[in-house]
Amino acid sequence: MVEASGVHKRFGRTEVLRGVDLTVQPGEVCCVIGPSGSGKSTLLRCINHLERIDAGRMRVAGELIGYRESGGKLHELRESEIARKRQDIGMVFQRFNLFPHRTALENVIEAPVTVRRVPKAQARRRAVELLDRVGLADRRDAYPAQLSGGQQQRVAIARALAMHPRLMLFDEPTSALDPELVGEVLDVMRGLAADGMTMVVVTHEMGFAREVGDALVFMDEGRIVEAGAPRTVLADPQHERTRAFLSKVL
Ligand code: ADP
Ligand code: MG
């Protein structure tokens with residue numbers, strides 16, 4: 001579902017990704033950890049076409065990111081084509097970014113109706129189902145300010161799912177939450193994983209990574225330093241930098 005090879009990304013003179021290779025199979029949950037500034041968010045943004053990569057190749061669901069192949073040549077995609085590809089990928093951020101003047105239900109309906117032109121009644125039915133799935137059936141008419149952080153994040157997940165994504169990206173989805181609200185969001189993500197959703201999750205919730213992750217990737221200074229089965233990486237890290245990082249977060 002995701003295939004990155006030799007991906008480089010720089011901002012000005014700062015090389016933020018320095019040759020990242022990553023493969024995520026359909027149905028897999030890949031957890032990404034690493035110190036602040038190591039390039040985790042940038043990697044997700046590259047997967048989601050929010051950043052153009054400077055070198056290397058990135059494929060999502062077999063399709064090159066940012067380019068179209070024809071007659072053995074690569075053509076840069078136009079913004080409108082990139083936007084269309086981005087619709088297949090759901091992204092959930094640390095900050096929930098819900099529309100403040102729309103109810104939970106309206107937030108979930110918004111993109112399918114305006115972007116995909118789904119008839120409103122149909123989008124509404126699906127939104128009701130999705131809010132039920134994230135445990136918010138009874139809060140569908142609440143505005144974001146009336147919801148807890150955990151509830152808002154669950155609305156954000158439902159909103160991403162409303163576009164029928166093939167891939168879900170999570171960028172520290174529980175980092176902004178009070179500790180007692182983390183579990184309800186992780187439970188929803190656990191359910192998604194159990195239903196077979198392909199997910200790349202930047203998180204420092206090691207329990208989640210161990211139980212739900214199929215792979216754990218440790219990034220440092222723009223590179224993947226170590227990757228493997230979560231239990232193996234956590235119990236027996238091979239690199240000094242991984243050990244040093246884990247000793248701080250475990
Ligand atoms: P992480 O998510 O692991 O904390 P980021 O991917 O957010 O790391 O950032 C990696 C590095 O790239 C940081 O040094 C950050 O300052 C820099 N960076 C990220 N986005 C930009 C940008 N748009 N312009 C310039 N520098 C950026
Ligand atoms: Mg980040």
Side-chain angles (χ1 to χ4, degrees), residues 2-24 29-58 60 65-66 76 79 82-83 86 89-98 149-150 152-153 156-157 160 165 167-179 181-182 185-186 189 199-209 212-213 215-228 230 233-234 237 239-250:
V2 180
E3 218 178 339
S5 66
V7 168
H8 286 254
K9 174 70 193 172
R10 70 177 73 81
F11 293 108
R13 286 189 172 172
T14 323
E15 214 180 2
V16 176
L17 297 180
R18 309 184 195 199
V20 170
D21 299 316
L22 178 72
T23 304
V24 184
V29 177
C30 174
C31 293
V32 180
I33 58 173
S36 179
S38 57
K40 306 180 299 295
S41 295
T42 303
L43 177 61
L44 289 191
R45 291 172 59 81
C46 289
I47 295 174
N48 198 20
H49 314 246
L50 290 169
E51 302 287 356
R52 218 171 255 279
I53 63 178
D54 295 309
R57 286 276 180 270
M58 180 83 94
V60 173
I65 292 221
E76 282 207 7
E79 269 309 310
I82 291 176
R86 196 180 289 142
I89 304 174
M91 186 142 176
V92 175
F93 302 89
Q94 184 172 337
R95 291 261 152 227
F96 335 113
N97 306 321
L98 298 176
Q152 289 183 56
Q153 193 60 302
I157 293 172
L167 168 68
M168 285 282 285
L169 308 175
F170 292 87
D171 195 355
E172 304 201 37
T174 59
S175 298
L177 300 178
D178 290 334
L181 304 177
V182 168
V185 173
L186 294 180
M189 293 168 61
M199 300 165 40
V200 181
V201 185
V202 175
T203 185
H204 294 125
E205 293 294 331
M206 297 302 168
F208 178 87
V212 183
L216 181 62
V217 165
F218 171 66
M219 282 185 76
D220 195 17
E221 297 182 349
R223 290 198 180 89
I224 292 178
V225 173
E226 186 159 354
V233 174
L234 292 173
H239 292 264
E240 181 49 41
R241 280 190 284 170
T242 319
R243 278 196 285 275
F245 177 77
L246 289 176
S247 72
K248 283 183 224 155
V249 296
L250 285 178

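Note that ligands are numbered from 1 as they come in the structure, with each ligand's atoms numbered from 1 the same way. The basis for the numbers below is simple: all heavy atoms, side chains too, and nothing from hydrogens, waters or symmetry mates. Residue indices begin at 1 and follow the sequence shown.
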Peer 1: Quick one: ring-ring contact (aromatic ring centres under 6.0 Å, His included) partners of Phe218, sequence neighbours excluded?
Peer 2: Phe245

Peer 1: Any donor-acceptor pair under 3.5 Å linking the side chain of Gln94 with the backbone of Phe170?
Peer 2: no

Peer 1: Answer whether the closest heavy-atom distance between the side chains of His49 and Ile89 falls below 4.5 Å.
Peer 2: yes

Peer 1: More than 12 heavy atoms of other residues, nucleotides or ligands under 6.0 Å from CZ of Arg243: is that the case?
Peer 2: yes

Peer 1: For ligand 1, which of its N or O atoms have a protein N or O partner closer than 3.5 Å, and how long is each gap?
Peer 2:
unit_1, atom_1, unit_2, atom_2, d
ligand 1, 2 (O), Ser41, N, 2.9
ligand 1, 2 (O), Ser41, OG, 2.9
ligand 1, 3 (O), Ser38, N, 3.2
ligand 1, 3 (O), Ser38, OG, 3.4
ligand 1, 3 (O), Gly39, N, 3.0
ligand 1, 3 (O), Lys40, N, 2.9
ligand 1, 3 (O), Lys40, NZ, 2.8
ligand 1, 4 (O), Gly37, N, 2.7
ligand 1, 6 (O), Thr42, N, 2.9
ligand 1, 6 (O), Thr42, OG1, 2.6
ligand 1, 8 (O), Gly39, N, 3.2

Peer 1: Would you mind listing every salt bridge (Lys or Arg N to Asp or Glu O under 4.0 Å) that reaches into residues 3-15, with sequence neighbours excluded?
Peer 2: Lys9-Glu51

Peer 1: Would you check if Val233 and Ile33 make a side-chain contact, meaning some heavy-atom pair closer than 4.5 Å?
Peer 2: no

Peer 1: Does Lys40 reach the main-chain N or O of Pro35 with its side chain, forming a donor-acceptor pair under 3.5 Å?
Peer 2: yes

Peer 1: Using a 4.5 Å cut-off on heavy atoms from C-beta on, say whether the side chain of Gln153 contacts that of Thr174.
Peer 2: no

Peer 1: Test your reading of the model: is there a side-chain donor-acceptor pair from Glu226 to the backbone of His239, 3.5 Å cut-off?
Peer 2: yes

Peer 1: Below 2.8 Å of the Mg ion (ligand 2), tally up the protein N/O/S atoms for me.
Peer 2: 1

